[in-house]
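In what follows, chains carry the letters A, B, and so on, assigned in the order in which the sequence lines appear, proteins first and then strands, with residues in each chain numbered from 1.
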Number of protein chains: 2
Amino acid sequence: MDTQLVQPKQTFMNLAPEKRESIVRAAAAEFAAQGYQRASLNNIVKQLGISKGSLYQYFDNKEALFLHVFDHFTLQVKQYVKASAAGNGRDDFFAVARQVLLAGIAFIDSHPEYFQVYLKVLFERDVPRREELVARVRLFSLEYFGPLADRAMEQGVLRRDIPPHKVVFILDALLDRFLQGYAQPHFDGGLALAGMSADRLHDEIDSMVAVLRTGLQPSDMGE
Amino acid sequence: MDTQLVQPKQTFMNLAPEKRESIVRAAAAEFAAQGYQRASLNNIVKQLGISKGSLYQYFDNKEALFLHVFDHFTLQVKQYVKASAAGNGRDDFFAVARQVLLAGIAFIDSHPEYFQVYLKVLFERDVPRREELVARVRLFSLEYFGPLADRAMEQGVLRRDIPPHKVVFILDALLDRFLQGYAQPHFDGGLALAGMSADRLHDEIDSMVAVLRTGLQPSDMGE
DNA sequence: CCATAATATGACCAGGCGGTCACATTATGA
DNA sequence: TCATAATGTGACCGCCTGGTCATATTATGG
């Protein structure tokens, strides 16, 4: 499940780590800007100042390069989520949601191009192994919040008249939209998240979580 | 604000309405499938069985054809929303939300390719006049729900501790995600909306609206 | 030092693109 | 009927794409 999507050629592995990273970064920027199909290998090699032949010594073809970039992306996401989950094992359902939201913001801040690549994959057809790629990033909902919601329901911290899978849908939709609105304009429903200061952003997150809490908690737990 | 984005050539206007429509439909299908930049005029004319020269007698260039398709799309959306609003003037805030959701589903059912074009515009850069196009479809949130939420707040049917703009964000995020999940897989957070029967879909919508009501209504209005 | 292996290079290929234009076909109306 | 205008056509243009490959350059180690 978390094996690599593709193996670069040995020649690529022999490169200095800084060079490897600069290549992945340049490719990610191009895929983020153009999507898979329209991304141009000529642009990438021009940006890097290397020849096209060299790129083909590192990767079999465009698809292999793209999949390697995506591998890099999923690795980074996992690190961020793992880091955010650490030390918060005993927090309640909504506190965890807040942590994930903060981790998402932090990830977009430090790797904006990777999140763009992911968005492009979602909305582009003819992306190689698209289904598989999307499934790997579904950690915000099913694999992650699903069991969490089930447990929360058992513990009675969620309204009994709302099925857990609907709680997950609502949470997933709001968190994802929040992150999309942060990553690119027109998706924030007028909240103007994109250029917001960190403080205001944290306020916005806290009040959003508070709304979720009042809406989804049983009424006898106090509002 | 609701003027046309572009004017087709006179030659196009002289065509029989059925032919005009078939051209717009074929172009919409191609833009929906490929996005703006990757859409191929050669594909479109091949599909239609006309020559490329003819297409250029109807529209100045690729951009003009695309903008005309988008004009057609926004016109259709407005008709659907207007039709859904008619006869529901005295419904409350959440009933209106439900109506809009149903209208959105109906629109996607009858014009799936137009909704895809819209999604492509959202996530593609270098789409001609992109900002302007997106602004025109923002009716689900700011222009439509904004005033509605303000009025609902004045009338006391919304919790006083949630700013109206946040209500709009939540509503916009959930409705839009619901429609996106219906229009294409991987966006439904496990709800499996895409292939759902009309009855189950209506149930899903009703319970979603019920959750919104309990979460956003004042607690003294009964849950 | 030098043979050999590893790596770097960019001209080149076939194919698709948006767009053009000289020409063929059809419609119009006096 | 026939001159003129309107419309239809597809070969062609320059440009860009992903991918190839003969050749040049560099690294290795005996």
Side-chain angles (χ1 to χ4, degrees), chain A residues 6-20 22-24 26-70 120 124-129, chain B residues 6-24 26-31 33-70 120 124-129:
Chain A
V6 73
Q7 207 83 30
K9 291 190 181 180
Q10 185 57 44
T11 312
F12 181 72
M13 292 315 192
N14 294 340
L15 291 174
E18 315 90 67
K19 182 155 190 181
R20 282 207 304 266
S22 80
I23 289 172
V24 172
E30 177 73 5
F31 284 121
Q34 312 287 353
Y36 174 77
Q37 294 286 358
R38 224 171 82 83
S40 159
L41 299 187
N42 290 332
N43 277 358
I44 295 173
V45 299
K46 198 187 301 172
Q47 176 69 32
L48 286 166
I50 66 175
S51 70
K52 185 149 52 164
S54 285
L55 192 57
Y56 274 86
Q57 304 242 42
Y58 304 148
F59 297 92
D60 281 328
N61 47 36
K62 187 183 186 180
E63 172 173 337
L65 172 60
F66 170 72
L67 291 177
H68 180 71
V69 167
F70 203 90
K120 283 279 161 42
E124 192 174 348
R125 70 176 58 177
D126 298 333
V127 174
R129 299 167 71 174
Chain B
V6 73
Q7 206 84 28
K9 291 189 181 180
Q10 185 58 45
T11 311
F12 182 70
M13 292 315 192
N14 294 341
L15 290 175
E18 315 91 67
K19 181 153 189 180
R20 282 208 303 266
E21 203 168 317
S22 81
I23 289 171
V24 172
E30 177 73 6
F31 284 122
Q34 312 288 353
Y36 174 78
Q37 294 286 357
R38 221 169 85 82
S40 158
L41 299 188
N42 290 332
N43 276 358
I44 294 173
V45 299
K46 197 187 302 170
Q47 176 70 32
L48 285 166
I50 66 175
S51 70
K52 186 149 54 162
S54 286
L55 193 56
Y56 274 86
Q57 303 240 42
Y58 305 147
F59 297 93
D60 281 329
N61 48 36
K62 187 182 186 180
E63 172 173 337
L65 172 61
F66 171 72
L67 291 177
H68 179 71
V69 167
F70 203 88
K120 283 280 162 39
E124 192 174 348
R125 71 174 57 176
D126 298 333
V127 174
R129 299 167 71 174

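One can place OH of A:Y56 at 5 Å from C1' of D:dG19, the figure rounded to the nearest angstrom. When rounded to the nearest whole Å, the span between CG of B:L41 and C1' of D:dG10 equals 15 Å. D:dT23 atom P lies 20 Å from atom NZ of A:K52, rounded to whole Å. One interatomic measurement links the two molecules: CD of A:Q57 to P of D:dC21, which rounds to 13 Å at whole-angstrom precision. In this entry the distance linking CD of A:E63 with C1' of D:dG18 reads 13 Å, nearest Å. In this structure, the CZ atom of A:R38 is 11 Å from the P atom of C:dG18, given to the nearest Å. Protein atom CG of B:N43 is 10 Å distant from nucleotide atom P of C:dG16, rounded to whole Å. In this entry the distance linking CZ of B:F59 with P of C:dG19 reads 13 Å, nearest Å.
Minimum atom distance to the side chain of A:Y58 is reached by C:dA8, of the listed C:dG19, D:dG10, C:dA8. Here the side chain of B:T11 is nearest to one of D:dG18, D:dG8, C:dG18, namely D:dG8. Of the candidates C:dC17, C:dG10, C:dG19, C:dG10 carries the atom nearest the A:S51 side chain, counting heavy atoms from C-beta on. Distances were taken from every side-chain heavy atom of B:N42 (C-beta onward) to each of D:dT9, C:dA8, C:dG18; the shortest belongs to C:dG18.
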Listed pairs under 3.5 Å, donor-acceptor, residues 62-70 of chain B side chains, sequence neighbours left out:
{"from": "B:K62", "atom 1": "NZ", "to": "B:Y36", "atom 2": "O", "distance (Å)": "3.0"}
{"from": "B:K62", "atom 1": "NZ", "to": "B:Q37", "atom 2": "O", "distance (Å)": "2.9"}
{"from": "B:K62", "atom 1": "NZ", "to": "B:A39", "atom 2": "O", "distance (Å)": "2.9"}

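Place A:S40 and A:D60 on DNA chain D by their nearest nucleotides, and A:S40 ends up nearer the 5' end. Each of B:G53 and A:Y36 was assigned the nucleotide of DNA chain D with the nearest heavy atom; the assignment lying further toward the 5' end belongs to B:G53.
Contact of the B:S22 side chain with the B:L48 side chain is registered, since non-hydrogen atoms from C-beta on lie closer than 4.5 Å. B:F12 has its side chain within reach of B:V24: a pair of non-hydrogen atoms, C-beta onward, lies under 4.5 Å apart.
The base of C:dG19 has none of its N or O atoms less than 3.5 Å from a complementary donor or acceptor on the side chain of B:K62.
Just one residue in the list B:K52, B:E30, B:Q47 forms a side chain to side chain contact (heavy atoms under 4.5 Å, CB included) with B:N42, and that residue is B:K52.
Interatomic distance, CG of B:D60 versus CD of B:Q7, reported as 11.0 Å (0.5 Å rounding).
Note on A:N14: every side-chain N or O is 4.0 Å or more away from OP1 and OP2 of C:dA6.
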